[in-house]
Amino acid sequence: MCGITGWVSFHSDARTQTPVIEAMTATLAPRGPDAGGVWLGERAAIGHRRLAVIDIEGGVQPMADRPDEPTIVLSYSGEVYNHHRLRAELRRRGHVFRTRSDTEVVLRAYAEWGEAVAEHLEGMFAFAVWDEREQRLLLVRDRLGVKPLHWAAVDGGLAFASEPKALFAHPEIRPRVDADGLREAYSLLFNTGPTVWSGVREVDPGGLLVLDRDGIRERRYWQLEAGPHNDDRDTTVERIRELVGAAAHGQLEADVPLCSLLSGGLDSTVLTALLAGELRSRQGPEARIRSYAVDYSDQAVEFTGDVLRTGHDTPYAVEAGAFIGTDHSTVVLDPRSLLDPGHRTAVVVARDSPIGVGDMDTSLYLLFGEIRQHSTVALSGEAADEVFGGYPWFHSPKALAAGTFPWLLVTGDEAAMPLNPELDLHIAEFRDDTYRTALAAVPHLDGETPAEHRQRELQHLSLTRWLRQLLHRKDRLSMAQGLEVRVPYCDHRLVEYAFTTPWALKSHDGREKSLLRAAGAGLAPDSVLHRPKNHYPATHHPDYNRGLQQLARDALAAEQVRALTDETRLKPCLDTPPDRLEWGHRLRLERVVDLALWLDHYRPELAL
């Protein structure tokens, strides 16, 4: 896992801009703490920061096809899990390899297939290829958007980077936010393409971008499609187990220590069990995978259920670890560490955005920091809810009938940032327009009933939008600690198969994630197998709420924060006794604090 950056301009000579590409690359050092490098040609400058995971010695980047007179230069981030098969195929086609890295496989694959390289790769990746012969830049992002890739226009071309902060090190790109950016940030619709930053865009998941002297061209090489499903229930369950198992098998490769995130829920327990079994088959019956969970001090005493959480995770995680036979650890955090301004600033800088989920982001960042002391790669159960229908909105008549994004019924205005009404952002209209656009992208299947299509709509929205912000969160907070997190449930073959599976099969036992529960039989203790869905834990300690209220008061002392927020709507959140502060009101305070930190760090130009 790494950080990539650079630019192409047909109006200037990049060879005179070494300090610029070095500055851009340096901003990504947390993503790649092991090494860094740059390459400059007449029209292109390419930078790379490396987190060494496979072929520690050989996978140095930027990587060129020929060391002396390069015709192709690659800066690549991610993991291609089918690189062994591709290497064998490319060798048969006459390619000669200098390393055993997956990076070189991507390089040689581009030499063989050009921009069609994307369709041959399986994994999570974002990369840039500069083709000296064709004077062409290719940017590619993986199918689900696990790895980030941003770009912005510069004179005569464009600049690109894993994170916007690298773009801001280019002299032509400044941090600027306009009304469109605030709508993108605070509407909670998770569009792909535009960002909070004016002029900064993302390459679409499953998309690529080509820049040459004729201009910029974008296209999708992959998207979700509807299709017939002819397997019965038993066959479907078996196929799901095969696909999840294959994803786990393919993602265990690493030349560095590896572990699993084990929350005690169904998703992470099934995945960890498959990983543990695969590890034992490779290394012997005594092999044990490390597993990690997060908890909060006094959580067993202070826990109270809310709209997202039904129980305390830790006992289930411990039981699951013992059942599977992992080397399990629980990282326990206290209110002081979650409120620490240094930690919170680090999280906001990692995200490049004011939008997050407060203590849940800070705790994830700190958890990753603890894990990084022992492991370089972690595997996560992220995306199982989107793939298998785990969220309440899949099962709620209200959500099925709602004419809006289903998660807004959970988050709603109570959790939204109370923005100053004088900004006149028209967020309600923006949400309506975006919802219509999102529904228009949902594929249809001939013969599908309205009820079946509505479920497909919710699945599509969840996989293409809601999942986007979860993957963004996991990538940014893990890479800020130099930790690579892999997400086997995002294997595109699994996602494609599940998306075409009828809802009646996905909910055959009358509950959420029926197929995964059936496929996981025997892999998890019964208590975990039949446990209700529980979201990522949040602290319930009154000391945290008390400290958060004070941080919000301090944030509102800044004139720019007051200009952007509605203090009248924040007052109840500030005045409520800490032990009675509800989740939605607390999230409002979290966003005010994050807004203040974001403004202070980036000092963006506000063009409102």
Side-chain angles (χ1 to χ4, degrees), residues 229 231-252 258-293 310-330 378-390 394-395 486-491 493-495 497-498 501-534:
H229 184 90
D231 294 339
D232 61 21
R233 188 174 79 179
D234 290 344
T235 305
T236 300
V237 169
E238 181 59 31
R239 181 61 178 150
I240 291 294
R241 182 154 175 161
E242 289 174 359
L243 287 167
V244 176
H249 170 90
Q251 298 189 26
L252 261 180
L258 179 148
C259 69
S260 180
L261 305 180
L262 179 61
S263 69
L266 175 65
D267 316 339
S268 65
T269 302
V270 168
L271 176 62
T272 301
L274 291 168
L275 293 169
E278 179 64 25
L279 198 65
R280 286 192 291 268
S281 72
R282 297 182 187 187
Q283 299 180 7
E286 302 303 316
R288 294 167 69 88
I289 191 170
R290 282 182 177 268
S291 62
Y292 290 89
T310 59
H312 185 200
D313 278 338
T314 294
Y316 293 96
V318 170
E319 182 183 2
F323 181 89
I324 297 167
T326 73
D327 182 3
H328 187 71
S329 300
T330 302
L379 287 100
S380 165
E382 200 78 84
D385 286 304
E386 290 79 7
V387 173
F388 295 110
F394 289 108
H395 311 270
R486 300 176 181 176
V487 281
Y489 289 116
C490 283
D491 183 287
R493 294 158 299 186
L494 170 64
V495 173
Y497 184 79
T501 302
W503 182 250
L505 285 178
K506 283 191 178 129
S507 57
H508 66 78
D509 64 358
R511 294 191 55 191
E512 78 286 352
K513 291 184 284 195
S514 306
L515 289 176
L516 183 60
R517 183 174 298 104
L523 297 175
D526 286 345
S527 61
V528 171
L529 203 64
H530 300 287
R531 184 186 178 201
K533 162 69 183 171
N534 209 45

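A search for side chain to side chain donor-acceptor pair (under 3.5 Å) contacts involving Arg241 returns nothing, not counting sequence neighbours. Every side chain to side chain contact (heavy atoms under 4.5 Å, CB included) that Leu505 has, sequence neighbours left out, goes to His229, Arg233, Thr236, Thr501, Pro502. Under the side chain to side chain contact (heavy atoms under 4.5 Å, CB included) criterion, Asp234 pairs with Asp232, sequence neighbours left out. Looking at residues two or more places apart in sequence or on another chain, you find no ring-ring contact (aromatic ring centres under 6.0 Å, His included) involving His530. With sequence neighbours excluded, no residue forms a side chain to side chain donor-acceptor pair (under 3.5 Å) with Glu238. A search for salt bridge (Lys or Arg N to Asp or Glu O under 4.0 Å) contacts involving Arg493 returns Glu122, Asp491, not counting sequence neighbours. With sequence neighbours excluded, the residues forming a side chain to side chain contact (heavy atoms under 4.5 Å, CB included) with Ser380 are Leu261, Glu382, Lys474, Val485, Val487, listed by chain and number. Checked against ring-ring contact (aromatic ring centres under 6.0 Å, His included), His395 has the following partners two or more places apart in sequence or in another chain: Trp503. For Arg280, there are no side chain to side chain donor-acceptor pair (under 3.5 Å) partners, not counting sequence neighbours. Considering only residues two or more places apart in sequence or on other chains, Asp267 meets the salt bridge (Lys or Arg N to Asp or Glu O under 4.0 Å) condition with Lys513. Taking the salt bridge (Lys or Arg N to Asp or Glu O under 4.0 Å) definition, one finds that Asp231 meets it with nothing, sequence neighbours left out. The side chain to side chain donor-acceptor pair (under 3.5 Å) search around Ser527 returns Glu319, not counting sequence neighbours.
The shortest distance between side-chain heavy atoms of Leu494 and Phe388 falls below 4.5 Å. A 4.5 Å side-chain heavy-atom check between Val237 and Leu515 finds at least one atom pair inside the cut-off.
Minimum heavy-atom separation, Leu529 to Ala521: CD2-CA, 4.1 Å. Heavy-atom minimum distance, Ala383 versus Cys490: CB-SG, 3.6 Å. Between Asp385 and Phe394, the shortest heavy-atom distance links the atoms O-CE1, 3.8 Å. Looking at every heavy atom in both residues, Pro488 comes nearest to Leu271 through CG-CD1, 3.7 Å. Annotation for Ser263 and Asp313: closest pair O-CB, 3.5 Å, computed over non-hydrogen atoms.
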- Please walk me through it: do Val270 and Arg517 pass side-chain contact (heavy atoms from CB on, under 4.5 Å)? CA-CA 9 Å; Val270 168; Arg517 183 174 298 104; over 6 Å; no
- Evaluate side-chain contact (heavy atoms from CB on, under 4.5 Å) for Tyr292 paired with Thr326, printing each intermediate quantity in order. CA-CA 9 Å; Tyr292 290 89; Thr326 73; over 6 Å; no
- Task: Apply side-chain contact (heavy atoms from CB on, under 4.5 Å) to the pair Phe323 and Val528, showing each step before the final yes or no.
- Result: CA-CA 10 Å; Phe323 181 89; Val528 171; over 6 Å; no
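Here NZ of Lys533 is found 9.0 Å from CD of Glu512. Values are rounded to the nearest 0.5 Å. Rounded to the nearest 0.5 angstrom, Arg290 CZ and Leu275 CG are separated by 15.5 Å. Summarising the geometry, atom NE2 belonging to His249 is positioned 5.0 Å from atom CZ belonging to Arg282; distances are rounded to the nearest 0.5 Å. Here the CG atom belonging to Leu266 is positioned 12.5 Å from the CG atom belonging to Asn534, to the nearest 0.5 angstrom. Between atom CD1 of residue Ile324 and atom OG of residue Ser260 there is a gap of 7.5 Å, rounded to the nearest 0.5 Å. One distance of note links OH of Tyr489 with CG of Leu379; it measures 11.0 Å at 0.5 Å rounding.
Without hydrogens or angle criteria, Ser514 side chain to Arg511 main chain gives a donor-acceptor distance under 3.5 Å.
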